[in-house]
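Note that these values count all heavy atoms, side chains included, but never hydrogens, waters or copies made by symmetry.
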Amino acid sequence: MNNTTIAAISTARASAGISVIRISGDEAIMIANKIFQSKSGKQLSEMKGYTCALGYALSNGELIDECIATVFRAPHSYTGEDVVEISCHGGVYVTTRVLRALYDAGAQAAQAGEFTKRAFLNGKLDLIEAESVMDIISSRSKASSRAALNVKEGALSKRINQIKDELMDRAAHLNAWADYPEEDIPAVENTALIDALKVSQIQLEQIVRSYDNGRILKDGIDTVIAGRPNVGKSTLMNLLAGFDKSIVTSVAGTTRDIVEESVALDDLVLNLSDTAGIRETGDVIESIGVDKARSKLQSASLILCVFDSSGSLTEDDLSIIKMVEDTPAVAILNKSDLPSLIDKERLKEHFTEIIPMSAKNADGVNELIEAIKKVCAVGNIDSSNALIYNERQRSLTMKTISCVKEAIEALDMGFTLDAVTVLIEEAIGYLCELTGERVTDEVIDKVFHQFCVGK
Ligand code: GDP
């Protein structure tokens, strides 16, 4: 563990009310003290942890800005080391000057994710909790930030550790029984061991299943708004996006390219694509848009299929219904402010969720959100549950499951208990890698490299 003292700007590099420059390491307080002069005359080195002082940041005796320095004393800080956070006025120039002054006073530039890496190496967080810090920063909805915060607070680590403890107990019993046959250690019962391993397998499988929910919360659902021209697709897109992005016009066939926007609706993030109206057309340019729309439909996870409820279903409508058959879809009967002429019974043969809406009058959005949750089966995502969020976590959980399954098979087939012990220990190894208890430097570097500087 390197014991240099590091500094970086922890807030975004943009003009803002305030910015925070963070310094961490054995010499954090001494270095910050060189550039900070409190108004009261108190030195930072005299201050207790969790206290702050108002003063000035200086560069070679020249005033940079008025600021507040907060002192955190090891181990009660984010990194577990001595930390000083300097909050100054949030101008890019001022903030950069404070940082330079800290470099001149002896601080090193922090690498990407180095504060959180130090927190991990100092045992303030395990690897799963550290990864969740990134997820909190990149959250785009209430549910995803809540889920990431739960992981940060240890919800997933706790479940993993319970499974690991159970496997360790089993491995310890197997080892003790094999190593000390003359002692009074109860014999290993194959059926009891198989039952216990099956419980662990089920728990691990539940965790893997949470990955899909985690991804929906984190990355959003790829959603295509489809329908023939003039049914109100762009109006719907604008309503959901909250501002005018697509061209809304009463001339059929005017959205020729795909317009994309990520929107957070309640607990859901939808990555929306508004496509060209799908219809048979002789217009060369329009037909390029129609082809793009068709291919976009094939890769969608959700289709919002828009119909004009003030008219009858047309041949174009019917051909679109055919195209969306294999994808979760909601039928939107738009223009519900006008008298309805559409054949709802016919639509019921193809859609489980049919929602009357007036995109123009912003009517029906809540019903649409509920319908989306139903067709995407996300209604039950419990963000207070432990969700796995990334591929590293998923692949290690899958590897653990394979070992546990192999151990069950080995017991079923009457293999020696030695072979079973090896498999259980391998499973424990993967869980230790998951939480970061046993992990190589390469893995640690890879995890923290995805962070930004200052985090
Ligand atoms: P798109 O071609 O499917 O993207 O359709 P647009 O969003 O461009 O809308 C076509 C026309 O329908 C425009 O004149 C809209 O103002 C109108 N329109 C859209 N939604 C509604 C609605 O809910 N009610 C009514 N009455 N008109 C709507």
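- Under the 3.5 Å distance criterion, the side-chain polar atoms of Thr51 are left unmatched by any main-chain donor or acceptor of Met47.
- Here the shortest heavy-atom pairing between Val84 and Ala28 reads CG2-O, 3.9 Å.
- No donor-acceptor pair closer than 3.5 Å links the side chain of Ser358 to the backbone N or O of Ala362.
- Dense packing is recorded around CZ of Arg392, with more than 12 heavy atoms of other residues, nucleotides or ligands lying under 6.0 Å away.
- Contact check on Lys117 versus Glu114 returns no salt bridge, with no Lys/Arg side-chain nitrogen under 4.0 Å from an Asp/Glu carboxylate oxygen.
- For the pair Phe36 and Cys67, the minimum side-chain heavy-atom distance is below 4.5 Å.
- In this structure, Glu325 does not pair ionically with Lys322, as no charged nitrogen and carboxylate oxygen lie closer than 4.0 Å.
- Looking at heavy atoms from C-beta onward, Val365 lies in side-chain contact with Met357 at the 4.5 angstrom threshold.
- Around atom CE of Met30, more than 12 heavy atoms belonging to other residues, nucleotides or ligands sit under 6.0 Å away.
- Partner of Gln201 under the side chain to side chain donor-acceptor pair (under 3.5 Å) criterion, out of Gln203, Glu205, Lys198: Glu205 alone.
- The main-chain N or O of Ser19 is never found under 3.5 Å from a side-chain atom of Thr11 such that the two would form a donor-acceptor pair.
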Verify side-chain hydrogen bond (donor to acceptor under 3.5 Å, both in side chains) between Asp222 and Ser301, making sure each step is shown before the conclusion. CA-CA 5 Å; Asp222 291 335; Ser301 306; 4.7 Å; no
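- At a threshold of 4.5 Å between non-hydrogen side-chain atoms, the residues Leu99 and Tyr103 count as touching.
- Applying the side-chain hydrogen bond (donor to acceptor under 3.5 Å, both in side chains) rule to pairs touching residues 164-173 yields Asn161-Lys164, Lys164-Glu437, Glu166-Arg170, sequence neighbours excluded.
- Looking only at distances, a side-chain donor or acceptor of Asn122 sits under 3.5 Å from a matching main-chain atom of Thr79.
- At least one side-chain heavy atom of Val306 sits under 4.5 Å from a side-chain heavy atom of Ile225.
- Put simply, OG1 on Thr397 and CZ on Arg394 are 9.0 Å apart, with the number rounded to the nearest 0.5 Å.
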With side-chain hydrogen bond (donor to acceptor under 3.5 Å, both in side chains) as the test, would you mind laying out the steps for Thr4 and Gln108 before giving the verdict? CA-CA 7 Å; Thr4 53; Gln108 307 287 311; over 6 Å; no
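- With rounding to the nearest 0.5 Å, the separation of OH in Tyr430 from CD1 in Ile160 is 15.0 Å.
- Taking both residues in full, the closest heavy atoms of Lys124 and His76 are given as NZ-CA, 4.2 Å, listed atom of the first, atom of the second, then distance.
- Looking only at side-chain heavy atoms (C-beta outward), Ile342 and Asp308 stay at 4.5 Å or farther from each other.
- Remark: the backbone N or O of Asp316 is paired with a side-chain donor or acceptor of Ser319 at under 3.5 angstrom.
- Judged purely by atom type and a 3.5 angstrom limit, Asp126 uses its side chain to pair as donor or acceptor with the backbone of Ile128.
- Closest approach of Leu302 and Cys376 over heavy atoms only: CD1-SG, 3.9 Å.
- Atom-to-atom distance recorded for Ile137:CD1 and Ser145:OG is 12.5 Å, nearest 0.5 angstrom.
- Here the side chain of Asn33 pairs no donor or acceptor atom with the backbone of Ile29 at under 3.5 angstrom.
- Using a 4.0 Å cut-off between a side-chain N of Lys or Arg and a carboxylate O of Asp or Glu, Lys233 and Asp274 do not qualify as a salt bridge.
- When atom types are taken as modelled, the side chain of Asn334 and the backbone of Val231 share a donor-acceptor pair closer than 3.5 angstrom.
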Evaluate Asp135 against Val133 for side-chain contact (heavy atoms from CB on, under 4.5 Å), listing each step before the verdict. CA-CA 5 Å; Asp135 297 320; Val133 172; over 6 Å; no
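- A cation-pi arrangement, defined by a distance under 6.0 Å to the six-membered ring centre and an angle within 45 degrees of its axis, is present between Arg22 and Tyr78.
- Ring planes of Phe307 and Phe351: perpendicular class, angle over 60° (limits at 30 and 60°).
- Residues Asp26 and Asp82 share a closest heavy-atom pair of O-OD2, 4.1 Å.
- Every ring pair (Phe, Tyr, Trp, His ring centres under 6.0 Å) that Phe451 has, sequence neighbours left out, goes to Phe448.
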Could you go step by step and tell me if Glu315 and Leu318 meet the side-chain contact (heavy atoms from CB on, under 4.5 Å) rule? CA-CA 5 Å; Glu315 282 305 314; Leu318 297 175; 4.2 Å; yes
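- With rounding to the nearest 0.5 angstrom, the CG atom of Asp195 is 11.0 Å from the OG atom of Ser200.
- Applying the side-chain hydrogen bond (donor to acceptor under 3.5 Å, both in side chains) rule to pairs touching residues 399-422 yields nothing, sequence neighbours excluded.
- Within the 4.5 Å cutoff, no side-chain heavy atoms of Val330 are placed close to those of Ile303.
- Counted within 6.0 Å of NZ on Lys344, heavy atoms from surrounding residues, nucleotides or ligands total 12 or fewer; the atom is thus considered open.
- For the atom pair CD (Glu27) and OG1 (Thr5), the distance works out to 5.0 Å, reported to the nearest 0.5 Å.
- In the displayed structure, Glu349 atom CD is contacted under 6.0 Å by more than 12 heavy atoms of other residues, nucleotides or ligands.
- Here the side chains of Leu396 and Leu431 are not in contact, with every heavy-atom distance at 4.5 Å or above.
- The CZ atom of Phe120 lies 4.5 Å from the CG atom of Leu127; values are rounded to the nearest 0.5 Å.
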I'd like to know whether Thr223 forms a side-chain contact (heavy atoms from CB on, under 4.5 Å) with Asn271, so could you lay out the CA-CA distance, the side-chain angles of the two residues, the decisive distance to 0.1 Å, and finally the verdict. CA-CA 6 Å; Thr223 307; Asn271 306 318; 5.9 Å; no
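- In this structure, Arg118 and Ile6 have side chains that are in contact, with non-hydrogen atoms separated by less than 4.5 Å.
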